[in-house]
Amino acid sequence: MNDRVLIRDLHQHVGKTVTLAGWLYNSRVSSKVAFLIVRDGTGLCQCVVGKADVPAEVFETASRLGQESSLEVTGTVHADERALGGHELHVTGLVVVHATHDYPITPKEHGIEFLFSHRHLWLRSRRPTAIMKVRHTVIDAVRRFFNDNGFILFDTPIFAPSAGEGAQTLFNVDYFGEPMYLAQTGQLYLESAALAYGKVYCFGPTFRAEKSKTRRHLTEFWMVEPEIAYAELEDVMAVAEDFVQSIVQRVLKDHRADLEFLGQDVSRLERIVKPFYRLTYSEAAEILRGPRAKELLEKDLEVKNARIAELRSGIAEKEKQRDAQGVKKHVQEKLAAEIIADREELAELEEQVRNIPTHMQLAANFEWGKDLGGSDETIISRLHDRPVFVTHYPRGCKAFYMKRDPKDPRVVRNFDLLAPDGYGEIIGGSQREDDLDALLERMAEENLPTEPYEWYLDLRRYGSVPHGGFGLGIERTVAWLCGLKHIRETIGFPRMMGKVYP
Ligand code: 4AD
Ligand code: MG
């Protein structure tokens with residue numbers, strides 16, 4: 001009996017004849033045998049087609065099949081520890097579903113721009129596959145955490161008539177001639193749900209007109225936001241700590257191989273256990289101005305300059321080898337691919353080195369009252385091996401809804417959670433201002449009109465209680481867990497300024 005099975009399940013079928021339905025990932029052909037690497041979305045499997053074992057036309061077809069042809073391949077399953085995925089298929093039959101020629105993405109190296117302009121096809125490759133699967137698990141872990149801990153899922157609107165975060169990053173929509181925005185957060189609506197149901201969360205796409213092209217910003221990203229009634233800052237932070245720890249543990253449990261394939265040092269993630277570090281904003285400011293930040297950046301400059309020199313001479317050497325007489329074509333191609341990768345690394349390092357003096361200046365002259373910038377967060381987060389809570393920011397640099405600290409009215413009862421290893425902020429959260437007069441005062445300070453927020457102010461008029469919550473960005477979390485340099489790889493089709501195709 002031929003049953004169609006998934007590559008993931010091959011271990012249950014050793015010795016049996018099965019059919020795989022998939023696509024040709026790669027192949028290697030000699031006069032007597034064709035090795036077809038087949039992928040089916042659940043894994044890769046080497047399918048061995050021996051010339052002596054199949055009809056002549058099957059061997060002929062197998063030998064000529066183009067990369068990403070879709071196919072059904074039948075054969076017996078052999079366990080082999082050395083094989084990709086631990087199993088091999090010894091082929092007896094082959095049906096081509098769609099023969100493909102000239103697939104644009106080869107197993108060789110391509111430049112990142114080229115790959116993103118072919119994102120719809122690139123998704124099939126191993127690296128995006130590993131990242132998308134980690135993303136899937138992160139989202140599952142997020143939902144499980146809240147569902148298992150008594151939170152009610154509450155969907156908040158995407159059409160929003162007023163700003164939830166800063167007005168500078170609003171996207172305008174024409175809503176039957178009325179001005180309207182795309183939601184930057186579900187939080188304000190979620191607060192009303194928390195006062196109705198106690199513990200709630202929303203999870204959806206959020207939109208911010210981020211004009212800066214950084215490795216941490218998208219214009220469309222997914223955020224999960226819990227909101228809790230009868231909770232103060234410390235209670236909310238404790239939830240954030242358990243939450244992040246649970247996501248990390250789940251990803252470690254299910255994706256060790258994917259993380260290793262991506263080059264992530266898994267031991268870094270194994271260190272992510274409670275308690276996380278806790279710093280006040282004022283303490284963070286001291287660190288930025290102090291000797292540890294300076295030493296870190298000086299050391300960076302040294303290490304990066306050394307690597308730049310190494311890459312430059314390496315590229316020159318590889319170019320010489322590539323252009324030498326009598327070099328075999330496959331060697332030439334391999335060198336060309338390495339040169340592309342080296343050039344990309346070089347360009348990135350050169351830019352980083354150009355920026356280091358600015359980052360040093362910014363840190364050394366950091367003034368109390370300013371928000372932490374991206375480079376400041378990077379410094380703080382690189383000086384720690386576990387996530388860091390930075391709390392009690394000056395109220396002027398944070399959102400209007402955050403609760404003023406009764407012990408020091410210059411600051412609010414908020415926190416950002418910075419991931420380690422330079423990944424920076426993955427969570428922003430706070431206790432909310434629950435006093436009507438204090439909130440009105442704060443809105444006036446920000447020149448916010450009260451009219452569009454009357455419903456929000458009602459929450460302080462009728463049964464107001466201490467409450468708070470936070471928002472975690474899925475893409476930044478996945479980038480951190482996978483050890484990626486840029487957030488754009490963590491979502492199927494990233495949206496950034498000037499980048500919407502495909
Ligand atoms: O710190 P933020 O702006 O907080 C809020 O929106 C609050 N309303 C959340 C709350 O208290 N309910 O954003 C929260 C998180 C950030 O820490 C970051 O992970 C992510 O959302 N984020 C972005 N991710 C990708 N691209 C962007 N442009 C992002 N802006 C924020
Ligand atoms: Mg924030």
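First listed ligand is number 1; within each ligand, the first listed atom is number 1.
The side-chain hydrogen bond (donor to acceptor under 3.5 Å, both in side chains) with D300 is formed by just one residue from the set R382, H359, Q352; it is R382.
Counting heavy atoms under 4.0 Å from ligand 1, residue Q431 does not touch it at all. Contacts between F470 and ligand 1 below 4.0 angstrom, taking non-hydrogen atoms only, involve the backbone exclusively. The part of I426 lying near ligand 1 is the backbone, judged by heavy-atom distances below 4.0 Å. Contacts with ligand 1 closer than 4.0 Å are made by side-chain heavy atoms of Q187 only, the backbone lying farther away. Within the 4.0 Å heavy-atom criterion, neither part of W480 lies near ligand 1. Residue T219 does not touch ligand 1, judged by heavy-atom distances below 4.0 Å.
Judged purely by atom type and a 3.5 angstrom limit, D140 has no side-chain atom pairing as donor or acceptor with the backbone of H136. With Q249 contributing its side chain and V273 its backbone, the two residues share no donor-acceptor pair below 3.5 Å.
With 2.8 Å as the limit, E425 counts as an N, O or S neighbour of the Mg ion (ligand 2).
Residue R216 places a heavy atom under 4.0 Å from ligand 1.
No cation-pi contact links R476 to Y423, judged by a cut-off of 6.0 Å to the six-membered ring centre and 45° from its axis.
Using a 4.0 Å cut-off between a side-chain N of Lys or Arg and a carboxylate O of Asp or Glu, E210 and R495 do not qualify as a salt bridge.
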